[in-house]
Amino acid sequence: MRTWLRSCFAAVTVSATLVATGLPAAACGEDDKPAVPAARTLGDPGAVKNVKAVGNVPDAAGAISINFLDYGRRDVMVVSGEFGLKVYDLTKNPAAPKLVGQVSLPGLWETEDTEVDQNRKLVFLSRDPRAYGGTTHTGESGIYVVDVAKPEAPAILSYVQVPAGHTTSCVDGCRYLWTGGPAKADNQPADWGGRPIWVTDIRDPKHPKVNPEPIELARNDGKTDYVHDVQVDADGVAWVSGRGGVRGYWTSGIHRDPLSGKIRRATAHEPIPYAGGGIAETAAPSRFMHNSFHPAGHRIGDGAWRGQDLIYATEENFVDGCAGDGVLTISSLKGSYHGEGWRSTPSQPFRLQSVGTWSVNGQEGSDPASDDCSAHYFDVRGKILVQSFYAQGTRFLDVSDPTNPRQIAYYRPADASAWAPYWHGKYVYVADNTRGVDVLQLTK
């Protein structure tokens, strides 16, 4: 069975096997077959360079995502995963997170890129249709809104069913959520390649309201396809990643709509295209873009280069061996500001210009026996990009020259199943599905 099928498995299978084997959960969700363990080298000692492991949180095994809440003098980490939600205090010793509260939801799936509302101290957990033993065909999906006003007593404020549920993201200052993925349900249009986005109004978090009409249709050269995740840049543009590339939208303010030529107000329900489009097949053959980062606003210096407007994105893709697995891509947004990415068709495709790529395959510190090598979530601070590559661990890249990303450090324990790294203070916190949370510090 091909390795890429791992991420398509039912949550019940994943929940039973991931903690033990460190398997990834790629986003395709096309079928529900048993998982196959990733290849490992017997007695593999792992590999570490220019990184110090200063802490580990093993009771967070099953971790998928991390976020942080600021309570003034108190610093709190929230970890979501197959267990539900766990809340840790970092105030006294950020290298040794202390468990202070939790919401137990065993069998929850998948909660990738769990987001928070800093002002209202809310956490939004996305329920994939494969949660609790369901399937993409008929399973229930939705959003849990969790109140963490008191870190010791997190509580579910509300739950609402949504036709999508792989990831859910804040837009327009967390007044609304955009929820997308995974593969389409049996009761959805046959010509869809995956689930688009549904918008939920959470201005009243106890009573979320889901708009029944989806958005971000026709994203893949005119075909409605799988939306995987949304990242909002520091200017407020919501960047939507999925099959077919990365496209950015204004969700507030007055802007010119490049498709109609009219000046109008953008809303979460009727966003205005900004820029973006398909990623060149030479950079990302699968064209399944998992997540992205766009330097803008106060973060314009993070990863930016020579004044170019760049979009950093991850391709998640699994094939036999490592050579064809998903990569980090860096593309220029030049030439995409007039709706080109929305007019793309199979006969007249539009693709962003590729600037650079980076793959873990064959890199120093890699396990050549593992075929579990796809790129996954990443975070950027200044010119350093930190990224998770499942069994190939966490990699630190110097992207000061995006045409030539350069590895400067890595942390690959023998049992690595790294899903997502996060800069916070002087440390990087890694959600590792097997190990829990690793706390890392660059040493050089």
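The structure presented is a predicted model; accordingly, all values stated were derived computationally and were not measured. Both backbone and side-chain heavy atoms feed into the values below; hydrogens, waters and symmetry mates do not.
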Exercise. Does NZ in K383 sit with more than 12 non-hydrogen atoms of other residues, nucleotides or ligands closer than 6.0 Å?
Worked result: yes
Problem set entry | Side-chain ion pair, D44 and R412, N-O less than 4.0 Å | yes
Problem set entry | Any donor-acceptor N or O pair under 3.5 Å, side chains D59, Y88 | yes
For this session: Would you please name every residue forming a salt bridge (charged side-chain N to carboxylate O under 4.0 Å, His left out) with E140, sequence neighbours left out?
Result: R127
Exercise. Stepwise, does the side-chain contact (heavy atoms from CB on, under 4.5 Å) test hold for Q441 with K426?
Worked result: CA-CA 7 Å; Q441 186 175 20; K426 64 181 180 180; 3.8 Å; yes
Problem set entry | Polar side chain donor-acceptor pair, E112 to S126, under 3.5 angstrom | no
Exercise. Does D438 have any salt bridge (charged side-chain N to carboxylate O under 4.0 Å, His left out) partners at least two apart in sequence or in another chain, and if so, which?
Worked result: R435
For this session: For the pair S80 and L85, evaluate side-chain contact (heavy atoms from CB on, under 4.5 Å) and give the outcome as yes or no after the intermediate values.
Result: CA-CA 5 Å; S80 68; L85 184 72; 4.3 Å; yes
Exercise. Out of R351, R343, R243, which one pairs with D221 under the salt bridge (charged side-chain N to carboxylate O under 4.0 Å, His left out) rule?
Worked result: R351
Problem set entry | Check ion pair D225-R287 (N to O, under 4.0 angstrom) | no
Problem set entry | Aromatic ring proximity, centroids under 6.0 angstrom, H376 and Y390 | yes
For this session: Compute whether any side-chain donor of one residue and acceptor of the other, for W419 and D432, lie under 3.5 angstrom apart.
Result: no
Exercise. Would D415 and T434 count as having a side-chain donor-acceptor pair, cut-off 3.5 Å?
Worked result: no
Exercise. Tell me, which pairs form a side chain to side chain donor-acceptor pair (under 3.5 Å) where one or both residues lie in residues 94-107, sequence neighbours left out?
Worked result: none
Exercise. Looking at Y249, Y337, F350, which one forms a ring pair (Phe, Tyr, Trp, His ring centres under 6.0 Å) with W342?
Worked result: Y249
Exercise. Side chains of Q387 and Y312: is there a donor and an acceptor less than 3.5 Å apart?
Worked result: no
For this session: Go through the side-chain N and O atoms of D235 and H294 and say whether any donor and acceptor fall under 3.5 Å apart.
Result: no
Exercise. Have D398 and S400 got a donor and an acceptor in their side chains that come within less than 3.5 Å?
Worked result: yes
Exercise. Do we see a donor-acceptor contact under 3.5 Å between the side chains of S347 and T345?
Worked result: yes
